[in-house]
Structure formats: structure tokens, C-alpha cells
Amino acid sequence: MNIEDIKTVAVIGAGDMGHGIAETAAIGGYQVYLADVNQNVLENGLNRIYESLEKLVSKGIVSADHHNKIKSGLIASTTSIEEAVRKADLAIEAVPEDMTLKQKVFEAMDKSAPEHTLLASNTSTMRITEIASATQRPQNVFGLHYFNPVVLMKLVEVIRGDMTANETIQVGLDYVKRVGKVPVCVEKDIPGFIVNRAQAPSGVLLNCYLDEEIITPEEMDALLKSLGLPMGPYEIMDYTGLDIAVNAGNYFAEAVHPDFAPGRTIRSKVEAGELGKKTGKGFYDWSNGRPQIDISKATKKINPIDMLLVNLNEATKIVEMGACSLVDIDLAIVNATGSTKGPIEESQGIEPEFIVEKLNELANHYKKEIFKPTETIKTGGYLLK
């Protein structure tokens, strides 16, 4: 199979990610079948697609003719997984991060899709190999990890499972380009892949700051906003959902290292039902819209370079495991986050001795083994020649 054989795309799950994945496929000219077991979620997803398309037409990104094609049937909807995949050449799962649910969906897709169909998961953290074990075609299973909002963010991580065929990966890379995105191949099926894995340690550090009452969320967010970032890290967690952060931390704690377990403060927020924007309250009060961060409260108690260095350290672990290159790290993070630089470029010119000393200091103070410097850091292997 090659990219020219992909004509029809099924997307299973019409929520925040699924409807965006379906929209990008339709914009790319593919016939799309969007499925969700919940009719209300399905209708809401379709409405969000059409609202988004109208904005893209007004900005000249999508032509009026193509918009009409999409509304006239380029996207079909159904509450049946079987109906969605029976003509699909590529089926993309975009359901919540629950391994049992994902395996159930893959089992259903495997039974109903044609023999040639490629099956992809939009999982943000879970191993593709484990998901593929629910099928009889693990060679056809791979990851297509999009980033939110899907229509705007360029990166798609194309993830190889232990049994994924080279041909499958190549079609995945070509498909991502066809729908106007930037693919980065993840050659090893590691938990969290590139972006989420490389950025996870700074999340641990942010939890440590709160649990030890070193700073308040506003003090930290004010600091980062004063340095030019549009949103601070705690505001971002509120925006995406504190439950999402806790679930990811729990998964990393089990799959990678116990040090990734969610902090006491964020756990208590989730247990109290304070999940951020979607519940009206998290670290901030969202009842009257986006919180106003007082820049004058910017903290001087911590150095933001610490967040960069723990993420750089984790990024070198990813490279040491053979999942990708140093260049891929920055390519992925820049296109997933909108940052102008990735951690590798940001760290050029910082001496290894300084980073080693700082990482050891953080590891000892917060009792986090994951902060200890890698061999790549110690030897200056992160420095681009």
C-alpha cells in the first residue's frame, strides 16, 4: 500500500480531538466517516467542524467550493463503528485515554474494516503495541498523535509499534503531509512519545513548587507571561483540564517512573471536582471567563531555566532510547506548542557542568530521581556540532 491507495478515512470519536482530525482529513480532500456512539457528541462535533470551516473560508484558507463539497457529503456521520470503517482505507481512533476502551474500539475496527485498512490511534501517551494486541493486524497499526487544536497545530507524531510495518509508517508520514501537517516519526514505542514525554518533568517540577508552597500559580504564570509567553503553565493546565494532567501523571508513574505521580495539590483539586475551565474553577476562577494574571506578581523565588533543564534532560533520554534525533525533538516541540525554539536549541551555549550541577541540585532537593542528569548531558552530547 502507498499514499495513493488512501481514499477514505474513518475517525472514531467526535470529541475535542476527533472532530478536528476529521476536519483536517476533509480539508485534505478525503472522504471522511466520523463516528461516535453518542449522538449528541456526534452532532456537536459536526457543528464545530462547520463553524471552524466558515472561519477558515473567511480567512481564505479553505475555498468556498471546497467548503461546499465538505458540507455536501465529504463528511458522513454515524453512531456505528462498523459502518464507519467498512469502506475505510485508514481508520483513526480518537476516544478517551482508557486502554480498555481503546482496545475495544480497535477490536471492533479490526473485525469490520477491509483487510488492507490501516488502523491508527491518536493516543497521547499509551503504547501502540499494547493497543495493537487487540487486533489480528498489528503490522497495520500505528500512532497518529495530533495536538489540540488540531486544525491549527502543525505537528503529528507518527508512532511505530513493535510490530508496525515500514510500509505502514511510510503511508502514515505521507498522509500527514497530505493533510498539511508536519510529521515526526517516533521510532520506538515509548510512553508519552516525544512532546508529552519531553515536557513531563517540568510538570513534576510545577507540582513540587505547589506542594512545598514555594509559589502560587499566579506568581509562576505571571513570571512566564512577563517573559513573553501567552499563557502560564498553571493556566494551561486549567485550560486543558486538571484531570487530564492527573491521568497523564498516573500513567507515566506506572509506565515510566513513580516520580511522575501527580502532586498532592493537583490531586486534591481533582478530587474536589475543580478541573479548571470546564468546571469553572481549578487553580483559577473561570466563571467570568479567562483569568486575568497580574504580571506584577511575577515570582523571583525560582529560576525558569530549571523547567527547561529538566525537560532537556528527559529529551536526551528519548534520544538515548533511539526514539528520535535531537533535531526531531525541537521540530516536534516547536510544531506542537507554537514555541519559537525547542529545548535543544534553547540549551546551546549552556555548559554541561552547569546543567549537571543544577539537575543534581533539583534531584536532591525534591527527591526526584528523574531529574538526575543523563550521560548525554554529562558529556555535552546535547550540543549540536
Side-chain angles (χ1 to χ4, degrees), residues 147 155 184 192-210 212 214-215 217 219-237 240 245 248-249 252 256-257 259-260 263 293 298-320 323-366 368-384:
F147 288 78
L155 179 72
V184 173
F193 316 125
I194 297 174
V195 176
N196 287 345
R197 178 67 175 272
Q199 295 188 318
S202 61
V204 174
L205 194 55
L206 288 165
N207 282 328
C208 290
Y209 292 153
L210 292 187
E212 293 197 9
I214 295 171
I215 55 164
E219 287 173 337
M220 184 66 186
D221 287 352
L223 172 62
L224 273 295
K225 286 173 71 71
S226 72
L227 296 175
L229 271 67
M231 294 177 74
Y234 295 110
E235 186 183 1
I236 290 172
M237 281 191 271
T240 57
F252 278 125
V256 183
H257 194 284
D259 283 352
F260 285 103
I293 310 298
T299 183
K300 296 180 181 178
K301 300 171 189 173
I302 60 100
N303 189 336
I305 198 173
D306 294 351
M307 295 175 63
L308 167 65
L309 298 185
V310 296
N311 285 351
L312 169 69
N313 194 50
E314 196 70 22
T316 63
K317 294 177 189 177
I318 296 170
V319 175
E320 288 177 351
C324 67
S325 69
L326 289 172
V327 172
D328 288 335
I329 294 285
D330 279 3
L331 180 64
I333 289 177
V334 166
N335 283 283
T337 66
S339 300
T340 56
K341 295 179 182 179
I344 307 302
E345 185 178 355
E346 285 276 15
S347 303
Q348 299 304 299
I350 305 178
E351 292 298 324
E353 294 78 10
F354 172 82
I355 299 178
V356 168
E357 181 180 355
K358 177 55 69 173
L359 289 172
N360 281 325
E361 179 184 312
L362 292 169
N364 293 332
H365 179 83
Y366 295 111
K368 298 293 183 183
E369 187 178 338
I370 58 170
F371 294 161
K372 291 182 177 178
T374 64
E375 285 304 310
T376 300
I377 295 294
K378 293 176 183 176
T379 59
Y382 63 92
L383 295 169
L384 301 175

Do you know the tightest heavy-atom contact between [X] and [Y]?
{"X": "D330", "Y": "E345", "answer": "OD2-N, 2.8 Å"}
{"X": "L383", "Y": "G349", "answer": "CD2-N, 4.0 Å"}
{"X": "G342", "Y": "V334", "answer": "N-CG2, 3.6 Å"}
{"X": "C208", "Y": "K368", "answer": "SG-CE, 3.8 Å"}
{"X": "S347", "Y": "P343", "answer": "OG-O, 2.7 Å"}
{"X": "A200", "Y": "F252", "answer": "CB-CE1, 4.1 Å"}

Which residues pass the salt bridge (Lys or Arg N to Asp or Glu O under 4.0 Å) test with [X], not counting sequence neighbours?
{"X": "K372", "answer": "none"}
{"X": "K300", "answer": "none"}
{"X": "E357", "answer": "none"}

From [atom1] ([X]) to [atom2] ([Y]), nearest 0.5 Å:
{"X": "L359", "Y": "F354", "atom1": "CG", "atom2": "CZ", "answer": "9.5 Å"}
{"X": "M307", "Y": "I302", "atom1": "CE", "atom2": "CD1", "answer": "7.5 Å"}
{"X": "L309", "Y": "I305", "atom1": "CG", "atom2": "CD1", "answer": "5.0 Å"}
{"X": "L308", "Y": "I350", "atom1": "CG", "atom2": "CD1", "answer": "5.5 Å"}
{"X": "L312", "Y": "I355", "atom1": "CG", "atom2": "CD1", "answer": "5.5 Å"}
{"X": "I377", "Y": "E353", "atom1": "CD1", "atom2": "CD", "answer": "11.5 Å"}

Once side-chain contact (heavy atoms from CB on, under 4.5 Å) is applied, do any residues pair with [X], and if so which ones, sequence neighbours excluded?
{"X": "E212", "answer": "I214, H365, Y366"}
{"X": "H257", "answer": "D259, F260, E369, I370"}
{"X": "A336", "answer": "F147, L155, V195"}

Which pairs pass side chain to side chain donor-acceptor pair (under 3.5 Å) with one or both residues in residues 197-206, sequence neighbours excluded? R197-E314, S202-N311
Taking C-beta and beyond as the side chain, do [X] and [Y] meet within less than 4.5 Å on heavy atoms?
{"X": "V319", "Y": "S325", "answer": "no"}
{"X": "L205", "Y": "F371", "answer": "yes"}
{"X": "P352", "Y": "T379", "answer": "no"}
{"X": "I329", "Y": "I194", "answer": "yes"}

Taking ring-ring contact (aromatic ring centres under 6.0 Å, His included) as the test, write out the residues that go with Y209, two or more places apart. none
Quick one: side chain to side chain donor-acceptor pair (under 3.5 Å) partners of [X], sequence neighbours excluded?
{"X": "T316", "answer": "T374"}
{"X": "N335", "answer": "none"}
{"X": "S339", "answer": "T337"}

For the pair Q348 (side chain) and Y382 (backbone), establish whether a donor and an acceptor sit closer than 3.5 Å, ignoring hydrogens and angles. yes
With no hydrogens and no angle check, is any side-chain donor or acceptor of N313 less than 3.5 Å from a backbone partner on V310? no
Would K358 and E361 pass as an ion pair if we require N to O under 4.0 Å?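 A salt bridge is present here (some side-chain N lies under 4.0 Å from a carboxylate O).
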Please tabulate, for side-chain N and O atoms in residues 219-229, each donor-acceptor pair with protein atoms closer than 3.5 Å (sequence neighbours left out).
from : atom 1 : to   : atom 2 : distance (Å)
E219 : OE1    : T216 : N      : 2.9
D221 : OD1    : Y234 : N      : 3.0
D221 : OD2    : E235 : N      : 2.9
D221 : OD2    : Y284 : OH     : 2.6
K225 : NZ     : P230 : O      : 2.9
S226 : OG     : A222 : O      : 3.4
S226 : OG     : L223 : O      : 2.5

